[in-house]
Amino acid sequence: MVCQEQEALVNKVLDLYHKISSLDTLKPSQDVDTLFTQLVRTCIPHTPFIDITKLSTTVQEARSNLIRLCAEAESLLEMHYSALLVSSSSGENPLGRLHVFPYYSNYLKLSSLEFNILSQHCQAVPTKIAFVGSGPLPLTSIVLATNHFPSTTFHNYDIDALANSMAKALVSSDHDLSKRMVFHTSDILDVSHGLNEFNVVFLAALVGMKNEEKKKVIDHLGKYMAPGAFLMVRSAYSARAFLYPVVNPSFDLKGFEVLSVFHPTDEVINSVVIARKCPITSTSSKEVQSLFNNNNLLINGNMIEELVTEEQL
């Protein structure tokens with residue numbers, strides 16, 4: 001019965017993949033919105049666990065292509081709404097109309113989830129947070145800065161200059177956020193100096209869409225982040241892995257101590273992994289203690305804890 005359900009789900013995803021890949025454009029439209037809504041609704045319900053590593057080569061290739069299509073569609077959707085919010089603000093703060101973005105409520109829930117997970121391990125307010133892969137509509141940074149970290153500075157990194165330009169225009173009308181939002185146009189693999197200044201680094205789900213690409217980014221962060229700093233990584237679980245890349249905490253986070261893994265079962269799609277940069281052997285205990293004192297961080301927790309909602313228990 002379980003195998004039949006899995007086969008039916010995979011066939012449905014493949015059917016939607018072929019329809020999406022045949023579209024002339026992935027810019028927001030009724031056809032695009034309908035197909036991606038169907039795809040999300042197919043992948044997020046509580047279904048028997050699907051191990052994507054055990055799927056056929058053909059399905060694996062389709063999944064890889066589908067993730068790239070999802071990334072392209074998501075970028076175009078964010079660009080559309082970022083431009084729409086700025087152009088329709090009429091001199092008012094466009095951030096007051098973020099609710100028009102179709103997935104805004106999901107970002108509210110995901111940001112709240114990530115804040116709660118981070119707060120369990122980092123008991124003091126981070127002074128500087130980096131978000132890698134912020135995009136033209138940096139909702140996570142905006143929501144965290146507005147609702148959870150009202151005094152923290154956010155450094156947003158994106159490889160796309162246009163995306164950063166649009167994001168900067170979006171927050172420019174907000175007197176507070178425009179002072180606490182910094183935008184860097186760079187490939188994060190080219191950034192070394194400065195990464196050790198952040199208490200927390202968020203890694204967007206679509207930065208590194210193939211496993212080897214994701215691991216390369218994580219290894220780079222592990223090399224240059226400060227010892228004791230936190231890394232928040234978005235991943236995916238079971239059928240949701242058709243939408244986003246999967247991070248394997250046991251193999252992909254070398255140099256980090258994995259603190260917890262959370263797999264949501266509601267409309268929040270991404271799993272959340274929190275890890276802490278391990279101390280460098282050549283770094284003296286005095287230097288590490290100085291880092292914590294300067295950043296006002298109190299660290300707790302040292303066990304890997306895989307969390308699920310009550311629906312999964």
Side-chain angles (χ1 to χ4, degrees), residues 5-23 26-28 31-56 58-81 101-111 113-114 132-133 135 137 139-140 202-211 213-214 217 232-249 252 261-273 308-309 311-312:
E5 291 182 19
Q6 290 185 356
E7 184 178 359
L9 186 146
V10 171
N11 287 337
K12 177 64 174 176
V13 170
L14 290 177
D15 178 60
L16 289 167
Y17 159 65
H18 291 304
K19 290 179 179 178
I20 291 170
S21 60
S22 67
L23 292 170
L26 293 178
K27 291 182 179 180
D31 289 342
V32 172
D33 296 346
T34 298
L35 286 174
F36 277 101
T37 297
Q38 291 176 359
L39 178 64
V40 171
R41 288 177 177 173
T42 299
C43 293
I44 67 172
H46 183 56
T47 58
F49 173 71
I50 295 179
D51 186 348
I52 58 167
T53 64
K54 296 181 179 179
L55 298 175
S56 69
T58 300
V59 176
Q60 294 274 17
E61 291 177 353
R63 171 184 171 262
S64 179
N65 292 333
L66 182 57
I67 288 175
R68 292 194 177 276
L69 291 171
C70 288
E72 182 181 350
E74 185 172 313
S75 177
L76 290 170
L77 183 70
E78 290 187 4
M79 284 190 170
H80 172 79
Y81 277 94
F101 184 68
Y103 301 106
Y104 180 58
S105 62
N106 290 40
Y107 276 92
L108 288 176
K109 292 180 180 180
L110 177 58
S111 298
L113 170 64
E114 290 174 325
V132 180
L137 190 63
L139 283 173
T140 298
F202 282 80
L203 181 61
L206 292 171
V207 174
M209 285 177 276
K210 289 186 177 180
N211 181 263
E213 296 170 347
K214 180 81 69 177
V217 172
M232 302 288 291
V233 183
R234 291 176 180 174
S235 182
Y237 180 75
S238 192
R240 300 172 186 223
F242 284 107
L243 307 173
Y244 289 102
V246 173
V247 174
N248 188 325
D252 298 335
V261 181
F262 185 88
H263 301 303
T265 58
D266 58 10
E267 63 269 25
V268 174
I269 298 174
N270 291 121
S271 299
V272 179
V273 181
V308 295
T309 62
E311 291 179 301
Q312 290 179 292

*For Ser235, which residues count as a side chain to side chain donor-acceptor pair (under 3.5 Å) partner, sequence neighbours excluded?*
none
*Working to the nearest 0.5 Å, report the span between CG of Leu206 and NZ of Lys214.*
7.0 Å
*Which residues pass the side chain to side chain contact (heavy atoms under 4.5 Å, CB included) test with Lys210, sequence neighbours left out?*
Ser64, Arg68, Glu212, Glu213
*Could you list the residues that satisfy side chain to side chain contact (heavy atoms under 4.5 Å, CB included) with Thr42, not counting sequence neighbours?*
Leu9, Lys12, Val13, Leu16
*Rounded to the nearest 0.5 Å, what's the gap from OH on Tyr103 to CG on Leu139? Could you check?*
13.0 Å
*Going from CG on Leu66 to CG on Leu39, what distance comes out if it is rounded to the nearest 0.5 angstrom?*
5.5 Å
_side chain to side chain donor-acceptor pair (under 3.5 Å) against Asn248, all qualifying residues, sequence neighbours excluded_ = none
*For the atom pair CZ (Arg63) and OG (Ser56), what is the distance rounded to the nearest 0.5 Å?*
12.5 Å
*Nearest heavy-atom neighbours spanning Thr140 and Glu114*: CG2-OE1, 4.0 Å
_Has Arg234 got a side-chain atom pairing as donor or acceptor with Ala204's backbone, closer than 3.5 angstrom?_
no
*Verify, without hydrogens or angle tests, whether Ser21 (side chain) and His18 (backbone) share a donor-acceptor contact under 3.5 angstrom.*
yes
*Looking only at atom types and distance, does a side-chain atom of Asp15 sit under 3.5 Å from a main-chain N or O of Asn11, one as donor and one as acceptor?*
no
*asked:* For Asp33, give me all partners under side chain to side chain donor-acceptor pair (under 3.5 Å), at least two apart in sequence or on another chain.
replied: none
*With sequence neighbours left out, write down each residue that passes side chain to side chain donor-acceptor pair (under 3.5 Å) with Ser22, or none if nothing qualifies.*
none
